Amino acid sequence: MFARKVPPMDELMAQRVAKVEALREAGVDPYPTRAARTHTSAEVIAMVEALPEGATEAEGIVVDVAGRIVARRDMGKATFIDILDGHGRLQVLLRQNTLENYDTLKNTDLGDFVGFRGTPIRTRTGQPTVQAATWTMLAKALHAPPEKYHGLADSEQRQRRRYLDLMANEETRRVFTVRSRVIASIRRFLDARGFLEVETPILQESESGAAARPFLTHFNAIDEQRVLRISLELHLKRLVIGGFERVYEIGRNFRNEGMSFKHNPEFTMMETYEAYADYLKVAEMAEQMVSNAALEVLGTTKITFRDHEIDLAPPWRRITFNDALMEYAELDLTAFPNAESLRAELRRRGVDAPVTAGYGKLCDEAMSHYVEPNLIQPTFLLDYPVELSPLAKRKPGNPRMVERFECFVAGFECGNAYTELNDPIEQRQRFEAQLDLKAAGDDEVELVDDDFLFALEHGMPPTGGFGMGIDRLVMLLTGQSSIREVILFPPMKSLKE
RNA sequence: GCCCCCGUAGCUCAGCUGGCAGAGCAGGCGACUUUUAAUCGCGAGGUCGAAGGUUCGAGUCCUUCCGGGGGUACCA
């Protein structure tokens, strides 16, 4: 099916090219520069539905409508054409005795963009319709659209040629409309709370703010290597240091790692930083932001994901990391206070516990194995082991734990927050502890960032930070079980010619 | 990475135990002035993902490769 990148001209295409020529010979521009449109499909339908009882025509009213031909029912001296515009589908009735140049309709095909001028009517069956007096070619299509009833099903083609998916499948249009509106809702939410939206570099000297393999590139003008950012965190904190009290960024992160239903190498992250807030205040904001987006975009906080009925209305459940392990695994972390004892216990239970994993990683392993799949209703998991969170502030009175939460919905993580570590001397020590982990064989660690430490040494107020994977949120709100279904152009292997 | 499944007409899909490559939609021609997955008639349309192998004979069996999906491992 994809043996060629671009198939050669076939018979169907040749027929359409011939129609282009036929139009030109008849003095019709198949690609005119301008289009007249006075009404969308939705507006025409509303107009007809507002007609008084018994009326079959909006007398004296003339509308110009435009869209792509998605269906045609030719009945000889009358033809019905369905057009699709950005607001829906609209039926157009063309009759030989009311349309000029009825015979030129033979040069139209499914997929063409056309315009019609006519009068809104109600058909015998009550369907809002435009009875056309004239028609105009707006843009001739040289290929047939996908099948009208089944749509486009082949997932490869749907992703490689998203335009075909969009023109054929209503559900795809819905998913990406929701995505856009969710992001707009989040922006409104944060803007209304006094957050400043900022942009920070994607090309960076070295990766920071998370532990992940970066994509590499080369910066020609200064002849240096750059990495694509894996996180927004440290640049946004620099802005808090500078005095912006509430900042956020919504942007692409890049991690040169595996793909799965919830991982894509480039993904959209939203991070917020709020001075004088802590992680508990951030948690309240997070549940408000997500439930608000659901309400604004879907009209409800109740969603269905993989047969789970989920309610995003706040307050979300709160449980500590340790209590969750007690509840779901009957594992008491205080009884296994170091890497050796915890590794032995996990192995006794048959949980994967590699020798290179430090204490934090092992805790994470246990949580992922026992707890995460059970967190279906929205849940904040609170207070993480310090080893797992080098940028988070310790809990007062418990130096082994940090003030951090991750939020889980439908059994996967969709957000992460800390009370930010703002002690520059401790931050340096915590970075260096990461280096020790690396020396012990864990290659997924946070790197020391001296420039960030220098910034932190100038003083950062107590701050609550939050990160949320936008793609995952959109998965939840659209019921899509693969991240690729909420990304317009997911990465694909290139086709060999 | 590894495991499983899939790839047949522009699109959606059949094709049984190896024996003449099919249907619907779209497209072409014809009929039909209120249809809506319109209907009816006639024709047309194929590198069966690619290459090799087994066989008298391969869409079908075997091997390798290409592309996709699902699962699994690591990262959000």
Side-chain angles (χ1 to χ4, degrees), chain A residues 1-5 7 10-16 18-19 56 70-82 89 91-99 102 106 109-111 121-127 129 131 142-160 164 168 209-214 230-231 253-271 352 354 356-357 361 364-365 368 406-408 412-416 442-444 467-473 475 481-485 490 492-497:
Chain A
M1 192 172 305
F2 272 93
R4 288 169 182 272
K5 282 185 178 175
D10 62 4
E11 191 188 334
L12 294 179
M13 184 176 175
Q15 287 168 356
R16 286 172 178 244
K19 288 178 182 177
T56 58
V70 291
R72 179 155 79 160
R73 295 174 292 282
D74 187 342
M75 318 199 35
K77 296 186 177 63
T79 299
F80 288 94
I81 284 180
D82 292 350
R89 243 173 119 117
Q91 175 170 278
V92 179
L93 170 58
L94 305 119
R95 299 170 66 207
Q96 194 173 51
N97 58 352
T98 52
L99 180 78
Y102 184 84
K106 66 177 184 293
D109 286 295
L110 298 190
I121 63 164
R122 202 159 14 214
T123 62
R124 185 178 294 165
T125 57
Q127 173 151 359
T129 299
Q131 178 161 272
L142 301 183
H143 295 290
E147 210 253 8
K148 67 179 179 184
Y149 185 65
H150 299 90
L152 187 68
D154 181 74
S155 58
E156 177 175 5
Q157 181 132 223
R158 287 185 47 238
Q159 294 177 13
R160 278 191 199 278
L164 294 178
R213 287 226 315 273
I230 60 169
S231 149
N253 282 349
F254 305 85
R255 298 187 181 179
N256 207 342
E257 291 174 346
M259 292 154 72
S260 79
F261 78 93
K262 58 180 175 178
H263 296 97
N264 196 64
E266 52 178 301
F267 63 102
T268 300
M269 188 74 164
M270 181 221 64
E271 291 194 26
D352 189 34
T356 56
K361 202 91 174 192
D364 191 44
E365 196 71 48
S368 301
E406 289 187 301
C407 49
F408 295 84
F412 61 82
E413 187 212 327
C414 64
N416 183 25
D442 186 348
D443 53 2
E444 282 156 0
M468 186 168 66
I470 294 292
D471 311 276
R472 289 184 180 181
L473 176 64
M475 285 169 67
S481 53
S482 165
I483 195 169
R484 297 171 69 83
E485 294 291 347
M492 307 286 281
K493 282 198 171 187
S494 54
L495 298 169
K496 315 288 184 282
E497 196 59 55

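All values reported here derive from a predicted model rather than from experimental measurement. Each chain gets a letter, A, B and so on, in the order its sequence line appears, and its residues count up from 1.
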To the side chain of A:L12, which of B:rG67, B:rA26, B:rG28 is closest? B:rA26
Just the rounded figure in Å: distance from C1' of B:rA37 to CG of A:D82. 11 Å
Look only at the side chain of A:N256 and the backbone of A:R213, and say whether a donor-acceptor pair between them is shorter than 3.5 Å. no
Between A:T129 and A:Q127, is there a donor-acceptor pair closer than 3.5 Å when you use the side chain of the first and the backbone of the second? yes
Please report, rounded to the nearest Å, how far the P atom of B:rC2 is from the CE atom of A:M259. 16 Å
Which value, in whole Å, describes the distance between the P atoms of nucleotides B:rG15 and B:rU54? 29 Å
d(CD, A:Q91; P, B:rU34) in whole Å: 12 Å
From B:rU35, B:rA44, B:rG68, pick the nucleotide closest to the side chain of A:E11? B:rA44
Touch class at under 4.0 angstrom, heavy-atom based, for A:N256 against every strand present: nothing
Can you tell me the pairing partner of B:rA23 across any strand shown, Watson-Crick or G-U wobble, with both distances under 3.5 angstrom? B:rU12
What about A:R73: does its side chain form a donor-acceptor pair under 3.5 Å with the base of B:rU35? yes
Rounded distance (Å) that lies between atom C1' of B:rG70 and atom NZ of A:K262: 16 Å
I'd like the C1' distance from B:rA76 over to B:rG69, given in whole Å. 23 Å
Could you state the atom-to-atom distance from CD1 of A:I121 to P of B:rU35 in whole Å? 12 Å
In terms of side-chain heavy atoms of A:P146, which of B:rU33, B:rG69, B:rC11 is nearest? B:rC11
Nearest to the side chain of A:Q15 - B:rA76, B:rU12, B:rG28? B:rG28
Heavy atoms from C-beta onward define the side chain here; which of B:rC32, B:rU34, B:rU12 lies closest to that of A:D74? B:rC32
Counting only side-chain nitrogens and oxygens, does A:K493 get under 4.0 Å of the OP1 or OP2 atom of B:rG67? yes
Minimum side-chain heavy-atom gap A:C414-A:M475 below 4.5 Å: no
Now, which nucleotide makes the Watson-Crick or G-U wobble pair with B:rG7, with each of the two distances under 3.5 Å? B:rC66
Reckon A:L93 touches a base, only the sugar-phosphate, or nothing at all at heavy-atom distances under 4.0 Å? base
When rounded to the nearest Å, what value does the distance between C1' atoms of B:rC3 and B:rG24 take? 36 Å
Between B:rG28, B:rU36, B:rC74, spot the one nearest the side chain of A:T125, thanks. B:rU36
Please determine whether a side-chain nitrogen or oxygen atom of A:K106 lies at a distance below 4.0 Å from atom OP1 or OP2 of B:rG30. no
In whole angstrom, give the distance that lies between atom CZ of A:R16 and atom P of B:rG27. 7 Å
Side chain of A:F80 - closest among B:rU34, B:rC11, B:rC74: B:rU34
Report the residue (A:H150 or A:N253) whose heavy-atom-nearest nucleotide on RNA chain B is the more 5′ of the two. A:H150
For A:A210, answer base if it contacts any base atom (sugar-phosphate contacts may also be present), sugar-phosphate if it contacts only those atoms, and nothing otherwise; contact means non-hydrogen atoms under 4.0 Å. nothing
Side chains of A:E266 and A:N253 in contact at under 4.5 Å (non-hydrogen atoms): no
At under 4.0 Å between heavy atoms, what does A:G151 touch on the DNA or RNA strands: base, sugar-phosphate, or nothing? sugar-phosphate
With a 3.5 angstrom cut-off on both distances, give the Watson-Crick or G-U wobble partner of B:rG28, or none if there isn't one. B:rC42
Does A:Q127 put a side-chain nitrogen or oxygen below 4.0 Å from OP1 or OP2 of B:rU35? no
Apply the salt bridge (charged side-chain N to carboxylate O under 4.0 Å, His left out) test between A:E485 and each candidate in A:K262, A:R472, A:R158; give the one that qualifies. A:R158
Phosphate OP1/OP2 of B:rG69 contacted by A:Q159 side-chain N/O (<4.0 Å): yes
Inspect the contact between A:D82 and A:R73 and indicate whether a charged nitrogen and a carboxylate oxygen are less than 4.0 angstrom apart. yes
Tell me whether the side-chain N/O atoms of A:R95 come closer than 4.0 Å to OP1 or OP2 in B:rU35. no
Of the nucleotides B:rA26, B:rG68, B:rG24, which has the atom closest to the A:A144 side chain? B:rA26
More 5' along RNA chain B: A:L152 or A:D471, using each one's nearest nucleotide? A:L152
Rounded to the nearest angstrom, tell me the gap between atom CE in A:M75 and atom C1' in B:rC32. 6 Å
Using a 4.0 Å heavy-atom cut-off across all strands, classify A:S155 as base, sugar-phosphate, or nothing. sugar-phosphate
Assigned partner base of B:rC61, Watson-Crick or wobble definition, under 3.5 Å: B:rG53
Under 4.0 Å between any heavy atoms, over every strand shown, what does A:R122 touch: base, sugar-phosphate, or nothing? Just pick one. nothing
Please report the distance, rounded to the nearest Å, between OH in A:Y149 and P in B:rG24. 17 Å
Among B:rU34, B:rC74, B:rG10, which nucleotide has an atom closest to any side-chain atom of A:E365? B:rC74
What distance, rounded to whole Å, do you find between the two C1' atoms, one in B:rA23 and one in B:rU35? 25 Å
Quick check: does any side chain N or O of A:R16 sit under 3.5 Å from a backbone N or O of A:H143, one acting as donor and the other as acceptor? yes
What's the closest nucleotide to the side chain of A:S482 if the choices are B:rG70, B:rU34, B:rU33? B:rG70
If the P atom of B:rG22 is compared with that of B:rC16, how far apart are they to the nearest Å? 14 Å
